[in-house]
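Data block below; observations after.
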Amino acid sequence: MKNLKLLRTASLVVMFSGLSACGDDVAKVSLGMFTTKDVLIDAKHDPKIPGVTCHISRVEANLSMADPSDMSISCRQTGPITKAEIASIDKSKNGEIVFKQSLSILFKSLKVRRIYDAENQTLLYLSYSTKETKGSDKHALSTVPLYGTQAWVKPAVPVAEQVN
């Protein structure tokens, strides 16, 4: 019986530790003195393209049933981006998941998916919640153009001539 209680306690600790913020915290802003809600801002580096950093803000509501699905994302070039890095990524229409984090015990997850827009030579970062909330799937989008990086390829036809 004692081992069962210890196992349950350990399980709860593991489950709730997964809900806490990860080590990439940039800021934590309180939403007021009489609330347990905070806005967390995390910095995440794309594992395949380390020259891209995404800042993700979301509400953390301790001891609350608040919706953790509301989030915002902003991704920027913060280092070199090479042709080899672009060659290594998934270029399908669905792209690939680059970050994933549990948001609540209600089976909600925050996912960030990288999609490559070859025509515009731009990386798209789509953040979304895996659970519908009030009839809406929460999502946000940020883009990182490759223009000015080592990965940018000069178009065969100049842009000015494409318009005419």
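When atom types are taken as modelled, the side chain of Arg113 and the backbone of Asn94 share a donor-acceptor pair closer than 3.5 angstrom.
The OH atom of Tyr116 lies 5.5 Å from the CG atom of Leu146; values are rounded to the nearest 0.5 Å. Between atom CG of residue Leu141 and atom CG of residue Leu126 there is a gap of 6.0 Å, rounded to the nearest 0.5 Å. If you take CD1 on Ile49 and CD on Gln77, they are separated by 10.5 Å, rounding to the nearest 0.5 Å. The CH2 atom of Trp152 sits 14.0 Å away from the CD1 atom of Ile81 when rounded to the nearest 0.5 Å. Rounded to the nearest 0.5 angstrom, Ile115 CD1 and Lys93 NZ are separated by 9.5 Å.
Here Ser57 pairs with Val39, Ile41, Ser72 under the side-chain contact (heavy atoms from CB on, under 4.5 Å) rule; sequence neighbours left out. The salt bridge (charged side-chain N to carboxylate O under 4.0 Å, His left out) test applied to Lys91 returns no partner, not counting sequence neighbours. With sequence neighbours excluded, no residue forms a side-chain hydrogen bond (donor to acceptor under 3.5 Å, both in side chains) with Thr122. By the side-chain contact (heavy atoms from CB on, under 4.5 Å) test, Ile73 pairs with Cys54, Ile56, Cys75, Val112, Tyr125, Ser127, Ala140, Ser142, sequence neighbours left out.
Within the structure, every pair that satisfies the salt bridge (charged side-chain N to carboxylate O under 4.0 Å, His left out) test and touches residues 47-57, not counting sequence neighbours, is listed here: Lys48-Glu96. Pairs engaging residues 79-90 under the side chain to side chain donor-acceptor pair (under 3.5 Å) rule: Asp90-Ser92 [sequence neighbours left out].
Annotation: side chain of Gln101 is not in contact with side chain of Lys111 (no heavy-atom distance under 4.5 Å). Residues Asp117 and Thr143 have side chains not in contact (no heavy-atom distance under 4.5 Å, counting atoms from C-beta outward). The shortest distance between side-chain heavy atoms of Asp42 and His55 does not fall below 4.5 Å.
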List the steps and the verdict of side chain to side chain contact (heavy atoms under 4.5 Å, CB included) for Val52 and Arg76.
-> CA-CA 6 Å; Val52 173; Arg76 297 292 183 267; over 6 Å; no
What's the verdict on side chain to side chain contact (heavy atoms under 4.5 Å, CB included) for His139 and Ser129, showing C-alpha distance, side-chain angles and the deciding distance?
-> CA-CA 7 Å; His139 66 280; Ser129 170; over 6 Å; no
Going through the checks in order, is the side chain to side chain contact (heavy atoms under 4.5 Å, CB included) test met by Arg114 and Leu124?
-> CA-CA 6 Å; Arg114 180 195 338 94; Leu124 310 175; over 6 Å; no
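The closest side-chain donor-acceptor pair between His45 and Thr53 falls under 3.5 angstrom.
Looking at every heavy atom in both residues, Pro80 comes nearest to Gln150 through CB-NE2, 4.0 Å.
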